Amino acid sequence: MRQRAARNQKLLDSGSVGSAKDLTNLQHEVGSLAKRQSDLEDVVLEIMERLESGQTRVSEMTARRDEAERSVKEAEERRDTSYGSIDAEVEKVTRDRETLSAAIPADLMKLYTRLRTQNAGIGAARLFQRRCEGCRVELSITDLGAVRAAAADEVVRCENCGRILVRTSESGL
Ligand SMILES: [Zn+2]
């Protein structure tokens, strides 16, 4: 279109256009070509602006995605660290348990293991302020009396859940 406008302008400038009618037509065409060119330039400008804002948006979204990926990576690292320390703790507790088991009489260990299986993984519970911490039931006066009367090395059990009761200075006896 620019070429055509330039050619027309050259034709006009050269004065080689013959009739007044041709001249008017040519001037008219030059005018409308200039108008179209200006319109097209506006369109191009608008497209470029939209492209620019689109690119800005893409940059923003990319930055946000990178940030999210970083957060996920950090969370994964924290999780892996936690797994590591949990594994180490499980290992230590398992070792401690083995050491302790060896020191407990076989028949008591057998009773404990059976109760543990029957009672959701807890075979022994602390007697705390007259309450069995296995089933949370408070011992009756009679049961408390029996526990109080039992020898220190005697195995006492909760009348409600059957778990072995562990007596401490906070048992409320
Ligand atoms: Zn109980």
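Remember, it's 1-based here, ligands and their atoms both numbered in the order they're listed. Not measured: the values here are computed from a predicted model.
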| query | Which atoms of the protein, restricted to N, O or S, are nearer than 2.8 Å to the Zn ion (ligand 1)? | reply | C132 SG, C135 SG, C158 SG, C161 SG

| task | Check whether any side-chain heavy atom of V44 sits under 4.5 Å from a side-chain heavy atom of E41, and report yes or no. | result | no

| task | Could you grab the distance from atom CG of N119 to atom CZ of R163, nearest 0.5 Å is fine? | result | 4.0 Å

| task | Can you spot which of D107, L165, L108 makes a side-chain contact (heavy atoms from CB on, under 4.5 Å) with V155? | result | L108

| message | Can a donor-acceptor pair be found, under 3.5 Å and without considering hydrogens, that links the side chain of S38 to the backbone of A34? | response | no

| request: Determine, for E60 against R57, whether the closest basic-nitrogen to carboxylate-oxygen distance falls under 4.0 angstrom. | output: yes

| Distance in Å, L45 CG paired with L40 CG, rounded so as to fall on 0.5 Å steps | 12.0 Å

